[in-house]
Amino acid sequence: MIPEQSRLMDEKCILVDEQDNAIGAMDKKTCHLMENIDKGLLHRAFSAFVFRPSDGKLLLQQRATEKITFPDMWTNTCCSHPLDDFEEEKIEEGQLGVRNAASRKLEHELGIPQSQTPVDEFQYLTKIHYLAPSNGMWGEHEVDYILFLTADVTDYKYVDKTELQAMFNDSSNSFTPWFKLIARDFLFGWWDTLLERQGFDGRVYAKTLTGVADGSKVIKMV
């Protein structure tokens, strides 16, 4: 494991029960070991989807090779965790903790300045509970908050709905399990609504999705 990845594994995730009540904290390595997941260890996470305002295309990310779970797979813009290490990421009111974490990780993973991802511009939609083994000893077991953001970010791979569907249909592409679940049940419908609600200036805004989903409960997905 490279030094940076080793350091990241020492970060502390927020442990939760199946109703997303915080019940403690544990280092990232412990949280992602299947031997602990099989005993019910569950942590909080987020999946951020960044859309380009001018045309509503979605920014994809290919996960780094050194990731311990689902390396090299295509996924949504950013997938990570609010950390117990930061007080501002433990704030539950208005999902502020996960919004703060998403802004921080978009800069860390993609180099997007936090000035371009203000926390109040993230639109929270819902949260899902899923479990996914990766490669033997590692896996994911998360209550995952789904966040949409519209932001002008350059030099990344954006796709429209048709292009993403074609990628899904191409067996040579691999996708993370949470991205496939979210796309299967939610993404394309919410994407349609985002496009339908474009402003008079022809641009799309994530905040127009306020109220399209019931985010008050955890949706268990398989």
Side-chain angles (χ1 to χ4, degrees), residues 13 16 18-20 32 37 42-52 56-63 67 69-82 95 97-99 101-103 105-106 109-110 117 121-134 139-151 153 156-171 173-197 204 206-222:
C13 293
V16 295
E18 292 192 1
Q19 286 72 49
D20 191 40
H32 290 85
I37 290 172
L42 177 65
H43 62 275
R44 187 175 289 161
F46 68 84
S47 287
F49 293 73
V50 175
F51 295 86
R52 188 161 56 192
K57 286 190 175 186
L58 172 64
L59 172 55
L60 293 187
Q61 180 185 171
Q62 189 169 24
R63 285 168 69 82
K67 289 276 191 182
T69 58
F70 309 102
D72 302 312
M73 292 188 181
W74 287 102
T75 193
N76 50 285
T77 316
C78 184
C79 331
S80 192
H81 316 86
Q95 307 86 36
V98 291
R99 296 169 192 257
S103 182
K105 288 301 290 186
L106 280 165
E109 292 195 355
L110 296 174
T117 60
E121 289 300 313
F122 284 94
Q123 178 60 47
Y124 165 69
L125 288 152
T126 194
K127 48 190 172 182
I128 65 171
H129 172 197
Y130 77 95
L131 189 159
S134 180
E140 296 283 5
H141 189 206
E142 301 179 329
V143 171
D144 189 20
Y145 286 63
I146 303 174
L147 304 172
F148 276 22
L149 176 71
T150 38
V153 182
Y156 291 100
K157 181 174 178 60
Y158 282 91
V159 293
D160 61 23
K161 286 177 53 188
T162 302
E163 290 167 332
L164 179 57
Q165 195 61 63
M167 289 181 68
F168 276 126
N169 292 336
D170 184 345
S171 60
N173 292 321
S174 297
F175 295 89
T176 59
W178 61 86
F179 186 38
K180 289 190 289 187
L181 286 170
I182 294 167
R184 183 193 72 188
D185 289 3
F186 301 118
L187 174 61
F188 291 104
W190 290 337
W191 201 341
D192 281 338
T193 304
L194 181 69
L195 294 170
E196 289 165 2
R197 295 182 178 181
V204 298
K207 301 302 284 185
T208 62
L209 295 181
T210 300
V212 303
D214 177 8
S216 63
K217 298 181 178 64
V218 179
I219 301 171
K220 194 160 188 175
M221 302 183 74
V222 293

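Annotation: the span from Met221 atom CE to Lys180 atom NZ amounts to 12.5 Å, rounded to 0.5 Å. A distance of 14.0 Å separates CZ of Phe70 from CZ of Phe175, quoted to the nearest 0.5 Å. For the atom pair OG1 (Thr75) and CD1 (Ile182), the distance works out to 7.5 Å, reported to the nearest 0.5 Å. Atom SG of Cys79 sits about 5.0 Å away from atom CH2 of Trp178, to the nearest 0.5 Å. We find the CG-NZ distance between Leu209 and Lys207 to be 10.0 Å, quoted to the nearest 0.5 Å. Rounding to the nearest 0.5 Å places CH2 of Trp191 at 4.5 Å from CG of Leu58.
Between Phe179 and Leu60, the closest side-chain pair of non-hydrogen atoms falls below 4.5 Å. When side chains are defined from C-beta on, Val212 counts as touching Arg197, because their heavy atoms get closer than 4.5 Å. Counting heavy atoms from C-beta outward, Gln61 and Thr77 have side chains that stay 4.5 Å or more apart. A heavy-atom distance below 4.5 Å is found between the side chains of His43 and His32. With contacts defined as side-chain heavy-atom distances shorter than 4.5 Å, the pair Arg44/Asp20 qualifies. When side chains are defined from C-beta on, Glu163 counts as touching Lys57, because their heavy atoms get closer than 4.5 Å. Side-chain contact between Thr208 and Leu194: present, with at least one pair of heavy atoms (C-beta onward) separated by less than 4.5 Å. Within the 4.5 Å cutoff, side-chain heavy atoms of Leu164 are placed close to those of Leu187.
Closest approach of His141 and Ile37 over heavy atoms only: CB-CG2, 3.6 Å. Leu106 and Cys78 get closest at one heavy-atom pair: CD2-CB, 3.6 Å. Shortest non-hydrogen contact noted between His81 and Ala101 is O-CB, 3.9 Å.
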(request) Evaluate the side-chain hydrogen bond (donor to acceptor under 3.5 Å, both in side chains) criterion for residues Glu140 and Ser134: first the C-alpha distance (whole Å), next the side-chain angles of each, then the deciding distance (0.1 Å), finally the verdict. (result) CA-CA 7 Å; Glu140 296 283 5; Ser134 180; over 6 Å; no
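Side chain of Asn76 to backbone of Ala48: a donor-acceptor contact under 3.5 angstrom is found. Counting only distance, with no hydrogens or angles, the side chain of Ser103 and the backbone of Arg99 share no donor-acceptor pair below 3.5 Å. A donor-acceptor contact shorter than 3.5 Å is absent between the side chain of Tyr130 and the backbone of Leu181. Checking side-chain atoms of Asp144 against main-chain N and O of Phe46 turns up a donor-acceptor pair under 3.5 Å. Using a distance-only test at 3.5 Å, with no hydrogens or angles considered, a donor-acceptor pair links the side chain of Asn169 to the main chain of Gln165.
Taking the six-membered ring where the residue is Trp, Phe148 and Phe49 present tilted rings, their angle falling between 30° and 60°.
Among Val98, Thr150, Leu149, Val50, the one residue that satisfies the side-chain contact (heavy atoms from CB on, under 4.5 Å) test with Phe122 is Leu149.
Side chains of Glu142 and His129: a donor-acceptor N/O pair is absent below 3.5 angstrom, by distance only.
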